[in-house]
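A quick write-up on the structure given underneath.
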Amino acid sequence: VEEAEDEVVARAQAGDVDAFALLVRAHQTRVYRLALRLMGNAADAEEVAQDAFLRAHERIAEFRGDARFVTWLCRIATNTALMRLRSAARRPVESLDAYLPALDEHGLHARQDLDLSLPEDPETSADRREVQAIVLEGLSRLSERYRVPFVLRDLEGLPAPEVGALLGLDPATVRQRVHRARLMLRGWLWQRLRGDA
Amino acid sequence: VITACRDALPLMSDYLEGSLAEPTRVAFEGHLGICPRCREVLRSLEIVPAIVSRATEVDAPDGLADEIVERLRTTSSRS
């Protein structure tokens with residue numbers, strides 16, 4: 001399969017639009033998912049995915065085959081999303097700070113009577129679409145300051161120094177923001193999936 | 001042993017990634033031994049990425065590839 005893709009890439013590099021169309025169809029879901037996670041909503045994700053493929057087409061001559069084509073494509077999609085996030089007028093985002101663990105004046109959990117566990121597999125206790133909607137709403141409400149490092153580190157599996165290089169942050173700051181994102185998302189998911197348990 | 005949850009919470013991700021220095025790790029585990037709520041938060045933090053990942057494994061919307069290819073052809077025919 002890899003060899004076949006190399007041939008398709010070579011044809012696309014030679015200007016064959018049909019070959020590039022094959023690459024679009026093969027990787028559209030991967031790129032769209034990445035964009036959805038980074039942008040936190042479907043409308044922006046679709047635009048980022050489109051722009052990323054158009055940019056990849058413009059630059060396909062620069063692809064040297066050092067990495068897999070999909071890795072190169074995802075790098076372009078990430079940069080496209082970051083540029084869009086940086087240039088967009090900042091929408092006021094309702095903070096998820098309220099979903100951090102509540103502590104009392106002694107720094108202990110304020111409610112000792114509540115089980116703070118998340119269900120291991122929420123999709124067994126709630127409808128899959130409902131869980132998707134809850135998760136997407138949580139991601140979209142998470143400020144991009146936390147969402148982007150979380151997505152790149154925890155969902156895309158990039159090492160903290162690589163995430164830092166993409167975002168202009170030192171690795172320690174990346175780790176702090178990922179941790180805070182996990183805590184806020186944990187609280188959000190707990191409230192929505194178990195809060196009334 | 002860390003007594004306040006306030007001091008244990010910031011250490012949780014580093015603990016999960018195995019990057020706490022030995023004395024801190026021991027003090028943190030001491031706290032886990034006495035605090036069921038922090039054990040629950042720790043276990044939850046560990047599964048948050050998997051829950052978010054699974055829930056966002058969605059397919060590209062219908063028509064996305066067609067729209068991209070159409071834009072490509074329009075751009076290519078102009079140049």
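Worth saying up front: this structure is predicted, and the values here are computed from it rather than measured. Below, chain A is the first sequence line, B the second, and so on; all start at residue 1.
- Judged by distance alone, with hydrogens and angles left aside, the side-chain atoms of H179(A) form a donor-acceptor pair with the main-chain N or O of L9(B) at under 3.5 Å.
- In terms of modelled atom types and a separation under 3.5 Å, the side chain of R43(B) and the main chain of E120(A) share no donor-acceptor contact.
- With a 4.5 Å cut-off on non-hydrogen atoms, I68(B) touches chain A through its backbone and its side chain both.
- Taking hydrophobic clusters as Ile, Leu, Val, Met, Phe, Trp and Tyr residues chained together by side-chain heavy-atom distances below 4.5 Å, V70(A) does not share a cluster with L166(A).
- Here L108(A) sits alone; no ILVMFWY side chain lies under 4.5 Å from its own, so it joins no hydrophobic cluster.
- The contact between L136(A) and chain B is made entirely by side chain atoms (from C-beta outward), counting heavy-atom distances below 4.5 Å.
- At least one donor-acceptor pair closer than 3.5 Å links the side chain of S44(B) to the backbone N or O of L118(A).
- Of the listed residues (R39(B), R6(B), E40(B)), the one with the most heavy-atom contacts under 4.5 Å to chain A is E40(B).
- Contact tally against chain B (heavy-atom pairs below 4.5 Å) for R25(A), Q50(A), Q132(A): the top residue is Q50(A).
- Options V151(A), V31(A), D18(A), D115(A) differ in how many heavy-atom pairs under 4.5 Å they form with chain B, and the most are formed by D115(A).
- Residues L72(B) and E58(A) fail the side-chain proximity criterion, which asks for heavy atoms closer than 4.5 Å.
- Both the backbone and the side chain of V52(B) come within contact range of chain A, with heavy atoms under 4.5 Å apart.
- Contacts with chain B were tallied for D154(A), L185(A), L116(A); L116(A) has the most, counting heavy-atom pairs under 4.5 Å.
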R182(A) vs I47(B), side chain to side chain contact (heavy atoms under 4.5 Å, CB included): CA-CA, chis, key distance, verdict: CA-CA 9 Å; R182(A) 289 173 183 166; I47(B) 62 176; over 6 Å; no
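- When heavy atoms are compared at a cutoff of 4.5 Å, R111(A) approaches chain B solely by way of its backbone atoms N, CA, C and O.
- Per-residue heavy-atom pair counts under 4.5 Å with chain B were compared for I134(A), L139(A), L54(A), and the maximum is reached by L54(A).
- With sequence neighbours excluded, no residue forms a side-chain hydrogen bond (donor to acceptor under 3.5 Å, both in side chains) with R145(A).
- Within residues 54-63 of chain B, the residues having any heavy atom less than 4.5 Å from a heavy atom of chain A are, in residue-number order, R54(B), A55(B), T56(B), E57(B), V58(B), D59(B), A60(B), P61(B).
- Residue with the most contacts toward chain A among P49(B), A8(B), C38(B): P49(B) (heavy-atom pairs, distance under 4.5 Å).
- No donor-acceptor distance shorter than 3.5 angstrom exists from the side chain of S13(B) to the backbone of R175(A), with no hydrogens or angles considered.
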R71(B) and D51(A): CA distance, side-chain angles, deciding distance, side chain to side chain contact (heavy atoms under 4.5 Å, CB included) verdict: CA-CA 10 Å; R71(B) 281 179 67 183; D51(A) 290 349; 3.5 Å; yes
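- Residue Q112(A) touches chain B through both its backbone and its side chain, counting heavy-atom pairs closer than 4.5 Å.
- Within residues 15-37 of chain B, the residues having any heavy atom less than 4.5 Å from a heavy atom of chain A are, in residue-number order, E17(B), C35(B), R37(B).
- Looking at R37(A), the atoms closer than 4.5 Å to chain B (heavy atoms on both sides) all sit in the side chain, from C-beta outward.
- Of the atoms belonging to R128(A), it is side-chain heavy atoms, and not backbone ones, that fall under 4.5 Å from chain B.
- Contact of L100(A) with chain B is not made at all, since no heavy-atom distance falls under 4.5 Å.
- When V41(B), D14(B), T3(B), D7(B) are compared by the number of non-hydrogen pairs under 4.5 Å with chain A, V41(B) comes out ahead.
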